[in-house]
Novice: 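Below: one structure in structure tokens.
The residues of the chain are indexed from 1 along the displayed sequence. These values consider heavy atoms only, across backbone and side chains, with no hydrogens, waters or symmetry-generated copies. A quick note: this is a predicted structure, and the numbers were derived from the prediction, not measured.
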Amino acid sequence: MGIRRCRSAAVVLALGAAALTACGGGDDGGEGARNAPAPTTATQDGGGSPGREEGSGLRGRTVVIDPGHNGGNARNPDVINRQVDIGNGKKACDTTGTATNAGYPEHAFTWDVSVKLRDILTEQGAKVLLTRPDDKGVGPCIDRRAEIGNRANADAVISVHADGAAPNQHGFHIIEPALVRGVTDPEMVEESHELSLAVRQAFRDGTGLPYSNYRGDGDAIDRRNDLGGLNLSDVPKIFIECGNMRNAGDAAKLSNEQFRERIAQSLAQGLKNYLS
């Protein structure tokens with residue numbers, strides 16, 4: 001399994017029957033964004049960047065960062081639309097993702113945030129892997145993204161996204177795995193919920209962004225059973241929709257370099273809080 005931390009099974013029981021149903025919604029960027037899909041892969045060890053204080057708070061921990069989508073997906077529809085097994089059905093290999101009205105693409109946003117996050121975590125002592133080596137390729141497929149985290153026996157996996165919902169919808173939310181009998185492991189579901197709570201708090205504190213007003217029943221946590229990246233994970237994993245790229249206020253923040261640094265710092269704090 002690879003799950004390092006053990007908590008009470010009460011969380012699993014609390015998930016209950018609601019964990020067996022998927023939540024619907026907008027262009028949610030997970031495999032998520034109701035757009036187009038893709039395969040390929042390469043994992044990558046992180047390297048630090050100047051200007052951040054080195055530490056050892058995460059030494060010995062392995063974190064996998066999954067930047068949603070990829071820059072070459074839109075040019076390769078045959079590849080990304082190929083159906084892959086997600087444990088309880090079939091789904092497209094990957095999607096193109098969404099974009100702001102000004103044209104800033106989700107794949108570029110997720111890549112930039114993920115690289116920033118990698119550098120922060122690496123300097124705190126973590127071993128960090130990315131599910132793709134750049135923002136020019138295709139994929140990898142959603143099943144392969146899950147496999148990368150499993151093979152690394154990761155302590156935590158976070159998939160970085162931004163949503164493409166209606167313009168009047170705003171805020172961030174976390175997507176966590178539902179309990180799917182015979183597919184997802186209850187302990188993984190429990191630990192993923194703990195990871196959700198830690199990241200949600202740190203993200204709100206660090207960015208000031210509000211909880212989503214359209215997903216998560218007011219608590220910014222959306223539990224789903226239709227995402228292969230979650231269904232196929234053996235280790236604690238969540239998706240985060242960092243905001244809605246089709247909302248003018250969210251888009252202005254997500255398009256800002258300094259704000260993306262705040263996002264990365266907030267995600268790093270949430271992961272550290274979970275892993276400490």
Side-chain angles (χ1 to χ4, degrees), residues 2-5 41-71 106-137 140 145-146 148-162 172 174 191-192 194-209 229 233 235-243 253-276:
I3 295 178
R4 306 269 202 295
R5 304 163 72 249
T41 284
T43 60
Q44 176 175 324
D45 286 308
S49 65
R52 295 194 181 95
E53 185 178 356
E54 254 184 75
S56 57
L58 293 176
R59 196 162 304 284
R61 298 293 194 172
T62 298
V63 177
V64 171
I65 305 170
D66 180 24
H69 316 291
N70 207 330
E106 182 186 1
H107 64 79
F109 166 81
T110 68
W111 177 249
D112 187 55
V113 169
S114 295
V115 169
K116 287 175 166 56
L117 177 58
R118 176 199 65 189
D119 292 349
I120 297 167
L121 295 175
T122 298
E123 290 178 4
Q124 292 181 357
K127 176 183 178 182
V128 184
L129 304 175
L130 297 174
T131 59
R132 54 184 174 98
D134 52 44
D135 195 39
K136 302 174 183 177
R145 291 176 190 261
I148 291 169
N150 294 343
R151 288 195 174 193
N153 198 23
D155 294 289
V157 183
I158 186 164
S159 190
V160 180
H161 290 271
F172 79 94
I174 311 288
E191 281 297 318
S192 296
E194 295 296 325
L195 177 58
S196 292
L197 296 177
V199 171
R200 181 187 65 175
Q201 187 64 50
F203 193 84
R204 186 156 123 175
D205 290 347
T207 67
L209 286 172
S233 182
V235 296
K237 181 174 181 179
I238 61 171
F239 285 36
I240 182 165
E241 299 285 358
C242 296
K253 292 180 173 68
L254 301 179
S255 301
N256 181 274
E257 174 81 19
Q258 288 71 36
F259 196 81
R260 292 196 297 274
E261 178 72 25
R262 284 179 62 185
I263 287 175
Q265 293 281 2
S266 301
L267 293 177
Q269 186 62 55
L271 287 160
K272 184 176 181 179
N273 290 348
Y274 169 73
L275 293 170
S276 296

Novice: Could you grab the distance from atom CG of Leu58 to atom CG of Asp155, nearest 0.5 Å is fine?
Specialist: 9.5 Å
Novice: State whether a side-chain donor-acceptor pair under 3.5 Å links His107 with Asn70.
Specialist: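 Side chains of His107 and Asn70: no pair found under 3.5 Å.
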Novice: Could you tell me which non-hydrogen atom of Thr131 sits nearest to which non-hydrogen atom of Pro67, and how far apart they are?
Specialist: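 So the minimum-distance heavy-atom pair works out to OG1-CD, 3.3 Å.
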Novice: Distance only, no hydrogens: is a donor on one side chain within 3.5 Å (strictly under) of an acceptor on the other, for Gln269 and Gln265?
Specialist: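 Looking only at side-chain atoms, Gln265 and Gln269 do not form any donor-acceptor pair under 3.5 Å.
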Novice: If you look at every heavy atom in Gly206 and Arg262, which pair is closest and at what distance?
Specialist: O-NH2, 3.2 Å
Novice: Determine the minimum heavy-atom distance between Ala146 and Ser233, stating which atoms define it.
Specialist: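 Shortest heavy-atom contact: CB-N, 4.2 Å.
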Novice: Determine yes or no for a side-chain-to-main-chain donor-acceptor pair under 3.5 angstrom, with Arg132 supplying the side chain and Asp66 the backbone.
Specialist: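 A pair under 3.5 Å: no.
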Novice: How about Ser114 and Leu130: do any of their side-chain heavy atoms sit closer than 4.5 Å?
Specialist: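 Yes - at least one pair of side-chain heavy atoms lies under 4.5 Å apart.
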Novice: Between Glu257 and Lys116, is the closest basic N to carboxylate O distance under 4.0 Å?
Specialist: yes
Novice: For the CH2 atom of Trp111 and the CD1 atom of Ile65, what is their distance to the nearest 0.5 Å?
Specialist: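 Reported to 0.5 Å precision, the distance equals 9.5 Å.
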Novice: Measure across Ala156 and Leu195 and return the closest heavy-atom pair with its distance rounded to 0.1 Å.
Specialist: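 Smallest interatomic distance, heavy atoms only, reads CB-CD2, 4.2 Å.
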Novice: What's the separation between atom NE2 in His69 and atom NE2 in His161, rounded to the nearest 0.5 Å?
Specialist: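 Atom-to-atom, His69:NE2 and His161:NE2 are 5.0 Å apart.
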Novice: Treating Lys237 as the side-chain partner and Gly229 as the backbone partner, does any N or O pair qualify as donor plus acceptor under 3.5 Å?
Specialist: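 Yes, because the side chain of Lys237 sits within donor-acceptor range (under 3.5 Å) of the backbone of Gly229.
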Novice: Say whether, by atom type as modelled, one donor and one acceptor occur between the side chain of Arg260 and the main chain of Ser255 under 3.5 angstrom.
Specialist: yes
Novice: Let's go through Leu209 and Phe259 carefully: what are the C-alpha distance in whole Å and the side-chain angles of both, what is the deciding distance for side-chain contact (heavy atoms from CB on, under 4.5 Å) to 0.1 Å, and is it a yes or a no?
Specialist: CA-CA 11 Å; Leu209 286 172; Phe259 196 81; 3.9 Å; yes
Novice: Distance from Leu117 atom CG to Leu267 atom CG, nearest 0.5 Å?
Specialist: 5.5 Å
Novice: When rounded to the nearest 0.5 angstrom, what is the spacing between CG in Leu254 and SG in Cys242?
Specialist: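 Between Leu254 CG and Cys242 SG, I get 7.0 Å after rounding to 0.5 Å.
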Novice: If we only count heavy atoms from C-beta on, is the Asn153 to Thr62 side-chain gap below 4.5 Å?
Specialist: no
Novice: Can you tell me how far the CD1 atom of Ile238 sits from the OG atom of Ser192, to the nearest 0.5 Å?
Specialist: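 Ile238 atom CD1 to Ser192 atom OG measures 8.0 Å (nearest 0.5 Å).
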Novice: With no hydrogens and no angle check, is any side-chain donor or acceptor of Arg145 less than 3.5 Å from a backbone partner on Pro140?
Specialist: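 Indeed, once roles are kept as given, a pair shorter than 3.5 Å links the two residues.
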Novice: How close do Ser266 and Ala202 get, heavy atom to heavy atom, and via which atoms?
Specialist: O-CB, 3.5 Å
Novice: Test your reading of the model: is there a side-chain donor-acceptor pair from Ser159 to the backbone of Phe239, 3.5 Å cut-off?
Specialist: no
Novice: For the pair Ile174 and Phe203, evaluate side-chain contact (heavy atoms from CB on, under 4.5 Å) and give the outcome as yes or no after the intermediate values.
Specialist: CA-CA 10 Å; Ile174 311 288; Phe203 193 84; 5.8 Å; no
Novice: Yes or no on side-chain contact (heavy atoms from CB on, under 4.5 Å) for Phe172 and Ile263, after CA distance, side-chain angles and deciding distance?
Specialist: CA-CA 11 Å; Phe172 79 94; Ile263 287 175; over 6 Å; no
Novice: Could you walk me through whether Asp119 and Gln124 pass side-chain contact (heavy atoms from CB on, under 4.5 Å), step by step?
Specialist: CA-CA 9 Å; Asp119 292 349; Gln124 292 181 357; over 6 Å; no
Novice: Restricting to non-hydrogen atoms, name the atom on Leu271 and the atom on Val199 that form the minimum distance, rounded to 0.1 Å.
Specialist: N-CG2, 4.3 Å
